[in-house]
Amino acid sequence: MTTTLWAVSDLHAAVKRNGPKIAQIQPADPSDWLIVAGDVAERHELIVQVMAEMAGRFDTVIWVPGNHELFARSADRYRGRDKYTALVQSMRELGVVTPEDQFPVFGGVTVAPLFTLYDYSFRGPGMTVEEAIEAAKEKNIVMTDQYAIAPFVDVRAWCWDRLAYTTKRLSRISGPTIMVNHWPLVQEPTLRMQWSEIALWCGTRHTRSWPKRYNARAVVYGHLHMPGVVEVDGVDHIEVSLGYPREWQRHPAGVQFPYPVMELGA
């Protein structure tokens, strides 16, 4: 028997044509685990519905939020930090592991679900945050985050709170890790994007040293909708996004979905 740790992200379940792809996310063995690295959907009810399905299929399911989970409107009951808190509670009721729970161990490797957000620090040299955002607006390249997350919370302050909290938790781990985050932990993957301005909403420079410092065998992430593996400082950074139909229809041959991050033999 082989037990596999699978990983997916960016399921965007509100998109009807993604439904069959989501239905295909099945374990090869009942003992298999699944990582879901964010952007399941926007609506709380749909996120819970999809994650309940995954929890019913896999032995252990690990979830981290993406930016789409945090999207809100003024009329919504939960916004900003409150929306994340409500999602964590719902995931716990399903038995899904969140960034607030004890890190699980898979074959001697600690799987660390993280939630770090972004702080606009993936920006051009010499630019302030305000200048970088304004330059992006002038090119009409602004992520929805700026209108569906930022109005309800100080994103940079929340990001820095998460960095301090997560550093404390990671420092307690001994042995190898697999780090899971929605946003990439290093800037290199963003350098392949068509529009460099989008990187403003894609992470923080302050996580750059984490994979080496905390003995990562691999980093699993999503967000960019560019699945594949990028090696940085000897560590594989694996994007496991599904994305939108116009994107996954163009995925090159050989792109694995779900992605097998690690396998345990009999």
Side-chain angles (χ1 to χ4, degrees), residues 1-13 15-41 50 53-54 57-64 66-68 106-107 109 111-114 122 176-196 198-199 202-203 211-212 216-266:
M1 181 188 76
T2 298
T3 300
T4 304
L5 173 63
W6 302 96
V8 297
S9 75
D10 296 77
L11 299 179
H12 296 289
V15 178
K16 187 174 181 180
R17 291 178 63 196
N18 279 6
K21 288 284 189 180
I22 296 171
Q24 291 171 12
I25 302 171
Q26 300 284 347
D29 186 272
S31 64
D32 287 356
W33 289 26
L34 179 69
I35 291 166
V36 182
D39 278 9
V40 174
V50 173
E53 292 172 3
M54 298 303 159
R57 298 175 193 172
F58 290 84
D59 179 86
T60 299
V61 176
I62 299 162
W63 167 85
V64 300
N67 52 316
H68 281 250
F106 183 84
V109 177
V111 182
L114 314 177
F122 288 173
T177 64
I178 291 172
M179 307 178 80
V180 180
N181 197 47
H182 178 67
W183 296 268
L185 296 183
V186 297
Q187 194 168 359
E188 278 84 344
T190 72
L191 303 178
R192 300 181 294 141
M193 296 189 300
Q194 185 174 358
W195 295 288
S196 61
I198 293 176
C202 291
K212 291 292 286 184
R217 284 192 178 180
V219 174
V220 174
Y221 69 98
H223 192 58
L224 306 185
H225 294 199
M226 297 190 299
V229 182
V230 177
E231 184 179 316
V232 180
D233 298 331
V235 178
D236 283 345
H237 292 249
I238 309 165
E239 178 166 356
V240 295
S241 300
L242 175 62
Y244 299 112
R246 66 179 183 274
E247 294 163 333
W248 53 254
Q249 287 174 332
R250 299 198 304 265
H251 285 172
V255 169
Q256 295 176 278
F257 184 86
Y259 188 93
V261 179
M262 182 176 168
E263 293 184 346
L264 301 177

Would you call H237 and P184 a side-chain contact if the rule is heavy atoms closer than 4.5 Å?
no
Positive for side chain to side chain contact (heavy atoms under 4.5 Å, CB included) with I178, one of I62, V219, V261:
V261
Hey, what do you get for NE2 (H225) to NE2 (H223), rounding to the nearest 0.5 Å?
8.0 Å
Any non-hydrogen side-chain atom of V180 less than 4.5 Å from a side-chain atom of V111?
yes
D236 side chain to I238 main-chain N or O, any donor-acceptor pair under 3.5 Å?
no
Expected output: side-chain D29 to main-chain T3 donor-acceptor under 3.5 Å
no
Would a distance-only check, ignoring hydrogens and angles, find a side-chain to backbone donor-acceptor pair under 3.5 Å from D39 to N67?
yes
For A218 against V235, the heavy-atom pair lying closest together:
CA-CG1, 4.1 Å
D10 to G222 - nearest heavy-atom pair and separation
OD1-CA, 3.5 Å
Could you tell me which non-hydrogen atom of N181 sits nearest to which non-hydrogen atom of V64, and how far apart they are?
C-CG2, 4.1 Å
So, do T60 and F106 sit near enough that their side-chain heavy atoms are less than 4.5 Å apart?
no
When you measure from the side chain of H182 to the backbone N and O of A37, does any donor-acceptor pair fall under 3.5 Å?
yes
Closest heavy-atom contact between V220 and A7?
CG1-CB, 3.8 Å
Minimum heavy-atom separation for L224 to C202, with atom names?
CD2-SG, 3.6 Å
